[in-house]
Amino acid sequence: MMHMSKQNQIRLDAEFFSGTALDMAPKLLGSKIFRRFLDGSVKSFTITEVEAYMGENDKANHASKGKTPRTQVMFKAGGYIYVYLVYGMHWMFNIVTGGEGSPEAILLRGVSGCSGPGRLTRMLEIDSRLNGMHLNDLKDLWIEKAQQNISYSAGPRIGVDYAGEYWSKIPWRFWINPQEY
DNA sequence: GGGACGATTGAA
DNA sequence: TCAATCGTCCCA
């Protein structure tokens, strides 16, 4: 007999992330990321802010410069993890989306109680060891579907001025409206 | 081998 | 406003 509390907990997997980054980024809002820490404890945090990076045309996307050792994971099918170091000190956590050969990912920028992509990876003990792993295989990190529809806002992505007028302004950052959580 | 640069953060 | 800090990528 299935335990009642498990009934509505749907773990997001490769199927969910086979959608495009642009479609799935706002759908991630309100879902919960679970982390089993080194000390064995498990905590969950609501995902409150994300950004979509879409394909080779997107000049803000690392993969716009083609497939390199760093970006090759983005070319895989949805569900893989892309972690990289920026400014020599902050780990960025992304979930690859879309079909094989289409370099897309969703960057986690905020969770409940923690704003900022570098801060949240530090809090969640995320580093390069997760790079290239697949969400379906992980036992100590997973994401559960949002229980309800969430109202959200959209605006330009942060820190991508190098991408030029169009790509730096396109509203592909999404965040939960504050009253929602 | 060298140099420029970055999907950020925290302190001045 | 600005330094920290180092992996990645490009050029030679």
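Throughout, protein chains are lettered first and strands after them, A, B, ... in sequence-line order, and every chain is numbered starting at 1. Owing to the predicted nature of the structure, the values given are computational and were not obtained by experimental measurement.
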Euclidean distance, atom [atom1] of residue [X] to atom [atom2] of [N] [Å, nearest integer]:
X	N	atom1	atom2	value
A:Lys65	C:dC9	NZ	C1'	9 Å
A:Met89	B:dA11	CE	C1'	12 Å
A:Asn131	C:dG7	CG	P	14 Å
A:Leu85	B:dT8	CG	P	12 Å

If we ignore hydrogens and angles and just use 3.5 Å, is the side chain of A:Arg173 paired with the main-chain N or O of A:Glu51 as donor and acceptor?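 No, the answer is negative, given that no donor and acceptor are paired below the 3.5 Å cut-off.
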Could you tell me whether a side-chain N or O of A:Thr71 sits under 3.5 Å from a main-chain N or O of A:Met74, the two making a donor and an acceptor?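 No, the answer is negative, given that no donor and acceptor are paired below the 3.5 Å cut-off.
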Under 5.5 Å centre to centre and under 30° between planes: does that hold for A:Tyr53 and the six-membered base ring of B:dA7?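 Check passed, A:Tyr53 stacks on base of B:dA7.
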Presence of A:Arg173 side-chain N/O under 4.0 Å of B:dA7 phosphate oxygens OP1/OP2: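 For B:dA7, neither OP1 nor OP2 has a side-chain N or O of A:Arg173 closer than 4.0 Å.
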A:Tyr162 side-chain N/O to B:dG6 phosphate OP1/OP2 under 4.0 Å: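 For B:dG6, OP1/OP2 do not have a side-chain N/O of A:Tyr162 under 4.0 Å.
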Given that both distances must come in under 3.5 Å, which nucleotide forms a Watson-Crick or G-U wobble pair with C:dT1?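 Paired with C:dT1, as far as the under-3.5 Å criterion goes, is B:dA11.
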Determine which nucleotide pairs with C:dC9, using a 3.5 Å limit on both distances of a Watson-Crick or G-U wobble pair.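 Result: B:dG3.
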Determine whether more than 12 heavy atoms belonging to other residues, nucleotides or ligands lie under 6.0 Å from atom CZ of A:Arg129.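 For A:Arg129, atom CZ is not crowded (no more than 12 foreign heavy atoms under 6.0 Å).
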